[in-house]
Amino acid sequence: PRRIPNERDLVMAMTDADAEGGALDYFDQNFLKNWAGPEHWKLRKVIRRPEADTNAATKATKTRGKKEGFKIDFLSPPDPEKDLKEIAKELFAPVTKGAGINLPGTGATAKKSKKKTKEKKDEHLLPDDMHFSSRQLVTLFLKPKFFLKMRGRKARLDENGDDVDEN
Amino acid sequence: MPGRVSQAADSPLTLLRAAIPKIFDQAQVSANNHQKNFVALYKLHIEGSKHTELVRNGQGVRLVGEKTFEEVLNRLLLLVLPLKKGTSQADRILKFVGGYTKFVNEKAAEEKSAQEGDDEDEDTTASRFTAHLLKFLLKGFESKDKIVRYRVLQTVAEMVSHLGEIDEDIYTSLRAALMDRVSDKEASVRVQAVIGLSKLCGSEDPAEVEEGETVLDVLLDTLAHDTAPDVRRAILMNLTPNATTLPHILARTRDTDPTIRKVVYGTVLKDNLMQGEEEKTMGPTHPRALTILQREQIIRNGLGDREPSVRAAASALLGLWADIVAMKSEEDQDQEDVSVERGVLNLLELLDVGVSTVAADALLSIFTSRVDIFENIEFGDRFWTSLTPETAFLARVFVGHCKAINDDVRLESTLPVVTALAFRIQESYNDLLDDIRDHDDQILLGGLTEDERNQKEDELLDREFVLAEILRLAVNLDYADEIGRRKMFQLVRDMLSKGELSEKLIPCCLDVLRKLSSNERDLIRVVVEIVHDLRDPDEEDEEDPIDDAETSYSATPATVKPQRMGLFTKPPAERTPEEAARAKTIDLKCLTLCIGMLERVNSTFEENSTLDGVLQDLVIPAVQSKDLDMRSKGFVCLGLCCLIARRLAIGSVGLFMSQIKSSPDELKLELIKTVFDTLMVHEQAFTKQGIDLGPVTESLVNLIGTEADEKVQALLCMGVSKLVFNGMITDNRALKNLIMAYLSPNTVSNQELRQCLTYFLPAFSYSASSHQKKMCEIFLSTFSQISDVRRKLEDDQEMVSGLQVGMMFVDWTDPLKLSKAADAQGHISDSNGVNDFIQLEMATNIMMALLKPENKDEDDMKILVQLLSKLYIPDKVDDDSIRTLKLLLHNYSMRRPLSDATSNRAFTKFDTAISERFAKQLEDFSEEEYKQLVELKDIAEFLDDLIPLDDSEIIDIEPKKKGRKRYVASDSIISTTTEGDCSDSPPSSKQGKKPKSKKRRLSTSDDEDPEEDDTQKGSPAPPKRTLPKRAAVINKKPPQVIVISSDDDDDDEENTPGPRQKRLALSPRYQTNVKKEEKPDQEINDMLDDDSSELSEPPHDSIMDPDSDEEQDEVNDLLTED
DNA sequence: TTTACTGAGCTACACATC
DNA sequence: GATGTGTAGCTCAGTAAA
């Protein structure tokens, strides 16, 4: 599966998966993030039920009132005490101690380390998306045109989940 | 100096000091007034510049006015620089300064050209201003304040494009300074630096760069490697697309950040389609300017994106592509035929409709996002008579889309009638056949040059493709008309009967045939007949083109033809090489035909007696063939038969299994697929008949760890996942092995495997409370095993961190996730089936693991403690559970073997949190009392077994093989060993609901939990549990691709060479299979004996017994047709 | 208009370094 | 062990989407 299911596939799924496959749609919808394998895995917590949400609505309009009242004060006369150069010196003062302003691993020794780290640098690319979905869990390898109806799974949420449908 | 100016000069300078701030004050409010204020400021600038002083006795001129102007401006700028990011006022001011730089330099350029002839290098007010401002800002590049750096760089970035002409040395230092800031610690600073550089790099000539990287090199490197998406995006948006940069830009269609991907489609690719003043010339990202690979990359990645917004952007882009390619090319823009079809067809020509699904996806996307295009597509009269690959493709996809959206009206108005189309197909098929024969003759005669030959072959391929497309389209035709229906049926049937039919057309033909057959039986019968015809062609006159005489398809003889002496009745040994080759070709085609047919049917084998002949004559000989291709197809065919023939399946699973190990990967894949599918379909029936599938599934599970080929690994994981997911494998080891494979460093590059499991593991966990329970059960042992793997990691291998692994388990066992999924699936009634206390159990398990002295890996313990706080403990828990936990916590705080402060803190936090939350229930907590409680007896004993803290350290040092030293602590009872590391299950009963006092074992090993390592169990078998033995077992482990548990559970069975036999002994039914597996060759021969004398009575003729209705129903029910 | 998601800023803590 | 830096978790505000 290297391709996003197109409409034909989806229609096929809809016409027939209604019985049981529909239940798995939830996973297809909700696993859209976190598809790319363990290294890209991220914990996504469910938001606890917001019990009181009725009074929160009115607050939005209130905050709208105060909008950008701020203005930079260009008009006041400059502080005669402070010379332009002094201010500049102050603002532009470079770091004296501690961590520099550059990323660790760069700077003076960069030339050596660059070649070493270059291979390991993350390219920030996603892996090939195999578009794995519930479909693959309920179809056969040899007969992809058919869906398995997992009748046994209707009791899925029972306490003894390993039961098998017995009719 | 200001003090020294004369009275007369004072007033203009004072004016400057007063007026500039006013302009800035306005400029900060809105960008609308900027243009006006440029003029105003410029006026002040020029006026001021007229004020000069003579110095050094008139030998030099001091530009007092300009200097003042610059100083005032700098001072104002200094007010802005410390303002944090996001202050729009500051942004506007800096924009204003940048804009003014542009303004002033343009004015200077105008003036210069007005008074042309003067020498070039003359300083102007503008150039002096620019240089001064730049020098001023350059001083701020290394400020310690990140905000100042950000603002300084922002100002510079605004200015860079409009610097006019500047001194070489200023340029050099600016360039160096910007390059330096690309590695700034702050992403926001880097963003501004790369924006500046990207404006600089256009003017840079690589030839002039003596050493080091060019600006472009740095930008392209940063585009790919910078950790901050913002930085990458900034480069992307400011880089000019061209032949050099485009590949790098397109690579970003798979950037990890969705907004970047969106920018590629919605900004970069879209805005550079056209260029020139009126956007009339082809731009760098015009589809015609791209290579076909690039176009396909763009479409595939865009439409295949997980993010809907990216897909939408890609879709919109494709719509634009269709618009702009509608015009043929540069010259004839005002050409007649600018219909929507033209655009779409031109676009299709730019793609390759023949290979891959990109073109179809693109087309469908355009149909959906650009309804205007879809609705205006019409197929004129001439359309159907002059089909090209593109038009046929368009028609097919169009019809498919109409069908998909149930647009019957449009469908009817566009589609030709069946009969007409049938004749069309027939005609082109006959023509094609003739031409193919002509062409073959030509080749024989040698009258063609290489070019002519290739050209002709391309043309024939095209026509074949057209035919395939029309056949696909034909599936969606309306067959209410009986005449057309018959015509089409006969046509397709005849086509399939021709030996020349390309294999590519077989699936299309079968789809049509299936649609036209009244039921599956008919379809099967017809295909079987065709197979007979193909293998026994004498009766047919195969030279005849398909006859369009009306033949009733229902009149086709249903009986199997009598055997005659033909190619296939001749014993293979007597065939000439030519005959053998021809026979093979035909057999392969027949197998393809059968596979295609079997894929499309689901009625049982027993209902279709005609299949038996095919099985005997074709499939079984193929399986026995030495030819790999043949064998592979034979096995697929046999596997497909098994899916609809239970008895055949029962006999064949062993065969498939036995063949797996010795087969080449290609065949192995098919065999494994077959086994999994068979299990999926027949598992219930097998179980009902008392067949123990354990050994089969077990060896499949074990194969995950031993197979080297990625595809095979992935397939195994997928198959096992399916079986576990659907409850056909309940053994926890399967689940555990899947997780090991998931996280193993050896599968990092196996995306198929990893993505499968990324889906499966949570889906499994969130689909049943019992599944979460399993996850809970295997957590600790899996966790420690993964840690083992991590410790042995090679330098170049990578693996997710232990905390990450732990977090995954916490996530998988989160009851909130389960109930959410259950609710969404409409299982609301079942949501009380969600076990809210599952992570309380996890906590108890973790605590017990922490208490065990032999768990001493600092890192692991630390992670476990950290995980405690992530667990969900519901507000209401029963007394026993919480008291058990508290007892463990209490003991741990007494004995705490933790050394590092972090863990201590985390533990204390959790302990107090629990104590406070459940204060009421724990009110009268006292250790001694609780130990007496029956409910907690197991725990109490567990704790008593623990060696007191003081001594445990001795134990750690002492090797285990010497036997456990026992220490009598004041309040502990001497007991048997408490060996083992992380054991999975708590000895406690579930929430104390079923108070039962178990035998004293560290861990329960009930049926659900075969997890326990033998060495971990408290079972009294000391000799087995010595360290050397364990080490030996580890060493014995065969070289594995994925390190799967070696000290795994149920050692006695698992690591012995023949676990299968041992297990099978329990199941008499299975023993036969064992024998088969032991002697695969013998078994094949037994089962697949194709001695023709036995044909009428095959060894397994029993499968021909009509099955009970019940069984048929079962198979039918199980599979649902698309 | 409401809602959800993202991004910035803050705080606290962990980790490394001396 | 004191120090400073880096990072994770949290909250809030702003924006985009419904």
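All values below come from the heavy atoms of this structure, side chains included, with hydrogens, waters and symmetry mates left out. The sequence lines fix the lettering, A, B, ..., with proteins before strands; numbering per chain opens at 1.
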Output the single nucleotide from D:dC10, D:dG9, C:dG9 whose closest atom is nearest the side chain of A:Lys45. D:dC10
Measure the distance from CD on B:Glu186 to P on C:dG7 and round it to the nearest whole Å. 16 Å
Which comes earlier along DNA chain C counting from the 5' end, the contact point of B:Lys146 or that of B:Arg905, where each point is its nearest nucleotide? B:Lys146
If you assign B:Lys262 and B:Lys185 each to the DNA chain D nucleotide with the nearest heavy atom, which residue ends up on the more 5' nucleotide? B:Lys185
Of D:dG9, D:dG6, C:dA8, the nucleotide closest to the side chain of B:Asp230 is C:dA8
If you look at every strand shown and take non-hydrogen atoms under 4.0 Å, does B:Lys909 touch a base, only sugar-phosphate, or nothing? nothing
To the nearest Å, how far apart are B:Ile147 CD1 and C:dA8 C1'? 12 Å
How many whole angstroms separate atom CG of A:Leu32 from atom P of C:dA4? 17 Å
Quick one: do B:Arg252 and B:Asp255 make a salt bridge, cutoff under 4.0 Å? yes
Rounded distance (Å) that lies between atom P of D:dT7 and atom CD of B:Gln866: 16 Å
Let me know the distance between CG of B:Asp900 and C1' of C:dA14, rounded to the nearest Å. 10 Å
Aromatic ring pairing A:Phe132/B:Tyr759, orientation class (parallel under 30°, perpendicular over 60°, tilted between): tilted
Please give, in whole Å, the distance from C:dC10 P to B:Lys84 NZ? 6 Å
Are the side chains of B:Gln804 and A:Glu39 in touch, meaning some heavy atoms are under 4.5 Å apart? no
Check this one for me: any side-chain N or O of B:Lys862 less than 4.0 Å away from OP1 or OP2 of C:dC15? yes
5'-most by nearest nucleotide on DNA chain C - B:Lys85 or B:Thr902: B:Lys85
For B:Leu83 and C:dA8, what is the distance between atoms CG and P respectively, to the nearest whole Å? 17 Å
Does a donor on one side chain sit under 3.5 Å from an acceptor on the other, for B:Asn301 and B:Arg261? no
B:Ser309 vs B:Met807, nearer the 5' end of DNA chain D by closest nucleotide: B:Met807
Between D:dG9 (C1') and B:Lys870 (NZ): distance, integer Å: 8 Å
Should the ring pair B:Trp812 and B:Phe809 be called parallel, tilted or perpendicular, given that the plane angle runs from 0 to 90° and is split at 30 and 60? perpendicular
